[in-house]
Colleague: 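The structure under discussion is supplied below as structure tokens; questions concerning it will follow.
Just so you know, ligand 1 is whichever comes first in the structure, and atom 1 is the first atom listed for that ligand. Hydrogens, waters and symmetry mates play no part in the numbers below; they use all other heavy atoms, side chains included. One is the number of the first residue; the rest follow in order along the sequence.
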Amino acid sequence: MYRTHNCGELRSSDIGSEVTLSGWVATNRDLGGMTFIDLRDRYGITQLTCNMESNAELCEQARGLGREYVIQVQGVVRERSSKNAQRATGDIEIELSSLSVLNASETPPFTIEDETDGGDEIRMRYRYLDLRRSPVQSQIIFRSRVAQALRKHLSSQDFVEIETPFLIRSTPEGARDFVVPSRLNPGQFYALPQSPQTFKQLLMVSGFDKYFQIVKCFRDEDLRADRQPEFTQLDCEMSFVTQEQVLQTFEGLVRSVWKDILEVDLPAFPRMSYDDAMSQYGIDKPDIRFDMKIKDLTDLSQGHGFPVFDSAECVLGIAAPGYADKMSNKDLKKLTEWVQRPQIGAKGLVYVKLSDDGTIKSSVGKFYTEDQLRGWADHMGAVKGDLLLILCGEEEKTQKQLGQLRLEMGDRLGLRDESIFAPLWVVDFPLLEWDEESNRFHAMHHPFTSPKQEDQARMLTGDHETMKALRADAYDMVINGVEIGGGSIRIHDRKLQERNFELLGFTDEEAKDQFGFLMGAFEYGAPPHGGIALGFDRLCAIMQGQNSIRDFIAFPKNNQGRDVMIDAPSPLDQEQLTELNLDVTAESESI
Ligand code: ASP
């Protein structure tokens, strides 16, 4: 037996017991004839002691143990004289009677402690050591608990867990595919799934009724902090359901997981239309932990001789509560520069300060009377002490810019409290999105998303403007300004599906070539169906109040898409290339 107990288990009630423990040497200190070792495993840390006077030989052996040696020890549980309240095992220690080294260790390249001295790069290179650190390990264990809670809940609702293949054809989520050459089919390639979308729809045609899978998805996109080239979705699909039933089902799932794991009762998820989200929050994933909604000042502000406003399509503003007297002119100048950065793209920023002393000051004060400015404040529901921040320009752009500014002000005012969860459903998305650059429609969700029932007839016959106005049975789940997942009711009628492909610019040939199998399946009794996919890594991160999903992935890639531990991607040798009928023309550039 390697151990009778783990390193996080022993308590005062075990005092006097003979125990055997195994684990890693976290620290090893000598203090006046006593040797103290912290022995670590996944469950915790237990202090081992050895007294030079009573057992010199054993003490010598203990002293020789380096950090991260794997050892097995025997001893008796004793009460500790100086207790450590920070540690679950802090009331006891083990007085050693024997020890053996199971495996020696090189000195690790960084300290394996909660606060490590290792930088990001080195920790990723030695990720297996980083994962030995308790805070890192605990996120992975958290992830496992969430996965189990999801499985438990879905199974209790009759969902069947089904795996779908990884070596497939391109799927329609709109990113680039990762491709895999086929040796047996020279010159042909598989694509790795961007999601199991088409397969889960086929499973509904097969009659499985309720499907789920915790599944890897692969998208070759430019990476950001919250993106990985391979990530995990909780992917689900249901038959004979309306949008309302899908929303109820997955709201129920998320609430049950929050309750199970965090012991938090989430509020009922409010519903917000896409249009309201854009006009009130300037974003399709609003953070509703705080108010500060966008208000339209166009009518109140135009026609008073301020040419910038007068010539703008719209004038929109937000009121930052209690912020008027916190911003000096210099701060306001900096904030103006902030909105002018290319990422935001505003031309300028107008402010109105409603100071605590009752005075009003504005960067456009010479164009408007105090009464007029007070009229704006009233319209926005602003009160003494608030700072109005106003942008103008083309409607959609201005909404988005103000949406960014709203989040920034939310951060500055400390209104984005990580311990609060504010979920909602965003619904009624447009079906299609017109792209000026490519002069064509894109699917806002994906090409299998159904237009709303009342829009279906118009979709078959309507003109360009009608197409722009079509609404979809599509929905996103948003928590704290993060899109946790999205889905839709699917088109299950071949005609409608063909029309959608046509609107999206597929020729008949292209549609048949790429999705003929699905359209074919729709000829054999496809039930009405719909589903959703939740970003599993992201779900875990948000539950823990974290921004980055990387901490919840055991072996993540860096932001160049590289795994620096195994050094992937890497070139293939010539033999392998020949076998795969591949000819590499570009010099490989290591990043
Ligand atoms: N396949 C979709 C996605 O990955 C989700 C869905 O429509 O169910 O976003």
Colleague: What I want to find out is whether Arg406 reaches Asp291 closely enough, with some N-O distance under 4.0 Å, to be called a salt bridge.
Modeller: no
Colleague: When you measure from the side chain of Asn500 to the backbone N and O of Pro447, does any donor-acceptor pair fall under 3.5 Å?
Modeller: yes
Colleague: For residues 512-520, which side-chain donor-acceptor pairs fall under 3.5 Å, sequence neighbours excluded?
Modeller:
none

Colleague: Ignoring hydrogens and angles, tell me if any N or O in the side chain of Gln280 forms a donor-acceptor pair with the backbone of Ala277 under 3.5 Å.
Modeller: no
Colleague: Please list, by chain and number, the protein residues whose heavy atoms come under 4.0 Å of ligand 1.
Modeller: Glu173, Ser195, Gln197, Lys200, Arg219, Gln233, His445, His446, Gly486, Gly487, Arg490, Gly531, Ile532, Ala533
Colleague: Should Lys400 and Glu395 count as an ion pair when the cut-off is N to O under 4.0 Å?
Modeller: no
Colleague: With under 30° as parallel and over 60° as perpendicular, where do the rings of Phe269 and Trp425 fit, or are they tilted in between?
Modeller: tilted
